[in-house]
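A quick write-up on the structure given underneath.
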Amino acid sequence: MEINSGEPWSEMDVWELKNSTEYGRSFAEVAGFLYRDESEVRQMADALGLKEGGGMGEVLRAVSEIGGLEGRIIG
């Protein structure tokens, strides 16, 4: 059990959940930085009508495509 699980959701927590799903983060990722159980995050997301993202990989792929970096090795 995470430290914030079972606690009321603050406006900032709800904003963070909404913002994170817009950026493609998974519910597991969101649960980690909100210090809540993943099931609790899923429940709130469902109540808000939010869909789960594919995780940070989805975001990184999108950013690299926008910047013209697809197919290039960096580093």
Side-chain angles (χ1 to χ4, degrees):
M1 183 169 190
E2 296 288 344
I3 193 167
N4 288 331
S5 289
E7 296 294 324
W9 284 70
S10 69
E11 287 182 35
M12 182 58 94
D13 288 344
V14 172
W15 179 88
E16 196 68 63
L17 174 58
K18 289 177 179 178
N19 188 55
S20 294
T21 57
E22 286 178 21
Y23 282 94
R25 291 190 177 96
S26 69
F27 291 147
E29 289 173 308
V30 178
F33 61 78
L34 289 179
Y35 299 102
R36 294 182 177 274
D37 290 332
E38 185 177 345
S39 61
E40 187 176 18
V41 170
R42 287 182 179 280
Q43 200 171 31
M44 178 59 81
D46 187 50
L48 296 171
L50 302 174
K51 303 288 184 205
E52 183 171 23
M56 285 305 296
E58 181 178 291
V59 174
L60 294 174
R61 278 189 298 280
V63 169
S64 69
E65 289 172 12
I66 291 169
L69 300 175
E70 63 279 353
R72 296 187 184 164
I73 298 174
I74 300 172

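- Hydrophobic clustering, defined by side-chain heavy atoms of Ile, Leu, Val, Met, Phe, Trp and Tyr closer than 4.5 Å, groups Val41 together with Trp9, Val14, Leu17, Phe27, Val30, Phe33, Leu34, Met44, Leu48, Leu50.
- With sequence neighbours excluded, the residues forming a salt bridge (charged side-chain N to carboxylate O under 4.0 Å, His left out) with Glu38 are Arg42, listed by chain and number.
- Between the side chain of Ser20 and the main chain of Arg25, no donor-acceptor pair closer than 3.5 Å is present.
- Remark: Glu22 CD is packed, more than 12 non-hydrogen atoms of other residues, nucleotides or ligands lying under 6.0 Å away.
- Applying the salt bridge (charged side-chain N to carboxylate O under 4.0 Å, His left out) test to every pair with at least one member in residues 7-20, sequence neighbours left out, gives these pairs: Asp13-Arg36.
- The other members of the hydrophobic cluster of Met12, by chain and number, are Trp15 (side-chain heavy atoms under 4.5 Å, ILVMFWY only).
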